[in-house]
> 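Take this structure, written in structure tokens, and hold onto it; I'll ask about it next.
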2 protein chains.
Amino acid sequence: MPSPRLLLVEDDLSLAELLQYRFEAEGYDVIATADGDEAMLLATEQAPDLVILDWMVEGTSGIEICRRLRRDKETAHVPIVMLTARGSEDDRIRGLETGADDYVTKPFSPRELIARVSAVLRRVRPALAGEMLEVGDIKLDATSHRVTRRGQSLQLGPTEFRLLKFFMEHPGRVFSRGQLLDAVWGTGSDIELRTVDVHIRRLRKGITLEGGKDPVRTVRSAGYAFEAV
Amino acid sequence: MPSPRLLLVEDDLSLAELLQYRFEAEGYDVIATADGDEAMLLATEQAPDLVILDWMVEGTSGIEICRRLRRDKETAHVPIVMLTARGSEDDRIRGLETGADDYVTKPFSPRELIARVSAVLRRVRPALAGEMLEVGDIKLDATSHRVTRRGQSLQLGPTEFRLLKFFMEHPGRVFSRGQLLDAVWGTGSDIELRTVDVHIRRLRKGITLEGGKDPVRTVRSAGYAFEAV
DNA sequence: GCCTTTTGTTACCGCCTTATGACAAGGAGG
DNA sequence: CCTCCTTGTCATAAGGCGGTAACAAAAGGC
């Protein structure tokens with residue numbers, strides 16, 4: 001199971017340290033910062049799987065960071081959990097409407113925050129929570145690095161496996177070649193867009209071995225999508 | 001925008017009525033029940049997009065319903081929002097660990113619940129939270145790049161897709177050929193005005209395949225408009 | 001009713017996008 | 001050090017798509 005990567009934005013240093021310790025004990029990778037502007041940088045550079053955001057941090061307000069994360073295409077889909085000392089309903093609603101995926105009201109126990117983070121991750125990226133992905137008749141177990149179709153075990157190369165995993169985490173959705181490069185090869189990889197075609201080809205070959213239908217849909221001038229056949 | 005379907009499981013009848021009223025005013029379809037066993041039935045038969053579940057309902061405890069919903073493959077992926085009168089941390093964590101996607105602690109305002117439900121839906125099924133365009137009987141999902149009419153999937157080329165999307169974003173309005181060129185082909189494209197006619201033709205052809213009415217209205221000496229038939 | 005203007009429709013050709021196989025460089029493992 | 005596997009790139013083929021022109025049809029204007 002890969003370690004989910006968390007970005008923790010919290011300017012109360014003792015709380016930040018406590019949380020970092022607890023989350024690392026749970027098997028998370030934690031990147032912490034107390035500064036709002038640095039948070040924006042880290043969010044794009046480190047590509048965290050989830051952001052924990054204090055409502056009030058130095059530099060920028062948490063809600064503003066949230067809004068900026070949502071606006072930037074790179075980070076628009078990263079789930080956000082807000083920490084707020086205020087219990088007022090308006091603030092909570094504003095947080096949710098700004099695009100936070102969840103919030104926790106101080107004071108809270110680390111255990112509760114961990115449960116919420118894990119719930120959000122389970123929802124957004126099942127593979128990170130150790131679950132088995134299943135789309136149509138294809139099953140992918142990220143933990144054991146195994147793919148099966150109708151019980152038949154499939155043989156995929158490393159890149160094809162990551163590509164398939166990403167697709168299965170977002171079934172039905174169309175991704176451009178650029179998006180796929182970012183998601184599967186890593187942001188900033190300097191690779192020809194056309195290379196994606198080749199790996200799509202290899203993935204198709206590996207997946208349709210037993211005469212099964214092709215779950216990869218080509219969307220002309222847009223990219224590719226993965227869906228149940 | 002399609003109406004998301006909610007299953008509301010709540011045995012406090014006055015609260016249930018209030019919520020049903022408020023959610024319907026927000027454009028949701030609400031199925032309500034006060035009984036736990038009936039809830040299980042409705043969950044499989046009605047295939048709701050989300051379940052709002054009171055912690056304590058007659059027949060079965062909410063948490064038990066939650067567990068059973070998760071266990072059944074049909075309903076395992078339906079998001080669940082729990083309503084709980086108890087504020088104790090243990091209960092909340094137990095709720096999340098059981099598989100609830102969110103919980104709201106009583107007393108709460110309908111507005112807050114609505115915000116949470118909409119946040120969960122946005123996360124889980126973007127198509128239900130507004131990424132889907134709908135005009136008349138035609139649906140366009142930009143995320144999956146799909147167009148359907150009365151359930152029938154339509155086949156459109158890239159340009160026709162963009163043209164239709166633009167039309168559906170501004171239904172009823174008349175656009176000149178020049179405006180369409182700017183919007184769909186991009187500003188500064190050096191293309192014959194009459195080319196638009198051809199693509200309108202192709203769009204019509206693709207959309208009226210199954211004998212449906214033509215939603216594209218020709219406005220002589222002005223341009224074209226798209227409207228519900 | 002006749003003429004003019006505007007739109008509908010079809011056909012065609014070139015171009016752009018995608019599919020596919022081959023190949024060489026790089027790396028892991030023995 | 002050698003071998004096998006993986007991977008990125010390229011060349012080429014195939015096919016769909018798009019823009020244009022030409023002609024037919026329809027709608028207004030008189």
Side-chain angles (χ1 to χ4, degrees), chain A residues 145-147 153-167 174-209 213-227, chain B residues 145-147 153-167 174-209 212-227 229:
Chain A
H145 234 253
R146 221 148 246 239
V147 186
S153 176
L154 299 181
Q155 198 80 17
L156 296 180
T159 307
E160 283 70 56
F161 181 84
R162 291 200 310 277
L163 182 58
L164 177 62
K165 180 173 150 219
F166 178 73
F167 268 134
V174 175
F175 296 96
S176 70
R177 292 178 174 75
Q179 288 176 308
L180 290 174
L181 279 183
D182 282 350
V184 178
W185 278 258
T187 313
S189 64
D190 186 26
I191 290 187
E192 282 291 320
L193 284 179
R194 286 279 146 221
T195 300
V196 174
D197 296 32
V198 179
H199 285 276
I200 289 284
R201 154 79 175 147
R202 288 169 180 157
L203 174 58
R204 279 176 166 151
K205 208 171 194 174
I207 268 192
T208 58
L209 266 187
K213 277 209 163 181
D214 181 8
V216 181
R217 175 167 56 112
T218 302
V219 181
R220 202 160 238 274
S221 80
Y224 298 94
F226 185 90
E227 47 206 5
Chain B
H145 238 260
R146 276 233 143 101
V147 185
S153 177
L154 300 181
Q155 198 79 19
L156 297 179
T159 307
E160 284 70 57
F161 183 85
R162 292 200 309 277
L163 182 58
L164 176 61
K165 182 169 164 227
F166 177 73
F167 269 134
V174 177
F175 296 97
S176 72
R177 291 177 176 74
Q179 288 175 308
L180 290 174
L181 278 182
D182 282 350
V184 178
W185 278 257
T187 314
S189 63
D190 186 25
I191 291 187
E192 283 291 321
L193 284 178
R194 294 304 309 281
T195 299
V196 174
D197 296 31
V198 179
H199 284 279
I200 289 284
R201 154 72 176 153
R202 287 170 179 155
L203 175 58
R204 280 174 165 153
K205 204 173 193 172
I207 271 191
T208 59
L209 265 187
K213 277 209 161 183
D214 181 8
V216 181
R217 179 167 55 106
T218 303
V219 182
R220 203 180 167 80
S221 77
Y224 298 93
F226 185 90
E227 46 204 7
V229 287

> Residues in salt bridge (charged side-chain N to carboxylate O under 4.0 Å, His left out) with R146(A), at least two apart?
none
> Only counting residues at least two apart or in another chain, list the ones meeting salt bridge (charged side-chain N to carboxylate O under 4.0 Å, His left out) with R201(A).
none
> Residues two or more places apart in sequence or in another chain: which of them pass side-chain hydrogen bond (donor to acceptor under 3.5 Å, both in side chains) with H145(B)?
none
> Can you list every side chain to side chain donor-acceptor pair (under 3.5 Å) pair that touches residues 186-196 of chain B, not counting sequence neighbours?
R194(B)-D197(B)
> Output one letter per nucleotide in nucleotides 17-30 of chain C: B when a protein non-hydrogen atom lies under 4.0 Å from the base, S when only the sugar-phosphate is that close, - when neither is.
BBSSBB--------
> Identify, with sequence neighbours excluded, every residue that meets side-chain hydrogen bond (donor to acceptor under 3.5 Å, both in side chains) alongside T218(A).
R204(A)
> Suppose we screen for side-chain hydrogen bond (donor to acceptor under 3.5 Å, both in side chains). Which residues come up paired with R202(A), at least two apart in sequence or across chains?
none
> Could you work out, with side-chain contact (heavy atoms from CB on, under 4.5 Å) as the rule, every residue matching L154(A), not counting sequence neighbours?
V147(A), R149(A), I207(A)
> For dG8(D), does OP1 or OP2 lie under 4.0 Å from any side-chain N or O of W185(A)?
yes
> Mind checking what makes salt bridge (charged side-chain N to carboxylate O under 4.0 Å, His left out) contact with R220(A), not counting sequence neighbours?
none
> Quick one: does V196(B)'s side chain get under 4.5 Å of I191(B)'s, heavy atoms only?
no
> Which residues pass the ring-ring contact (aromatic ring centres under 6.0 Å, His included) test with F166(A), not counting sequence neighbours?
H170(A), F175(A)
> Let me test you: for the helix from dG1(C)-dC30(D) to dG30(C)-dC1(D), what is the angle between the axes at its two ends (five pairs each), rounded to 10 degrees?
30°
> Scan Q155(B) against the nucleic acid and name what it touches under 4.0 Å (heavy atoms): base, sugar-phosphate only, or nothing.
nothing
> Under 3.5 Å, which N/O atoms of the protein pair with N/O atoms of nucleotides 11-13 of chain D?
none

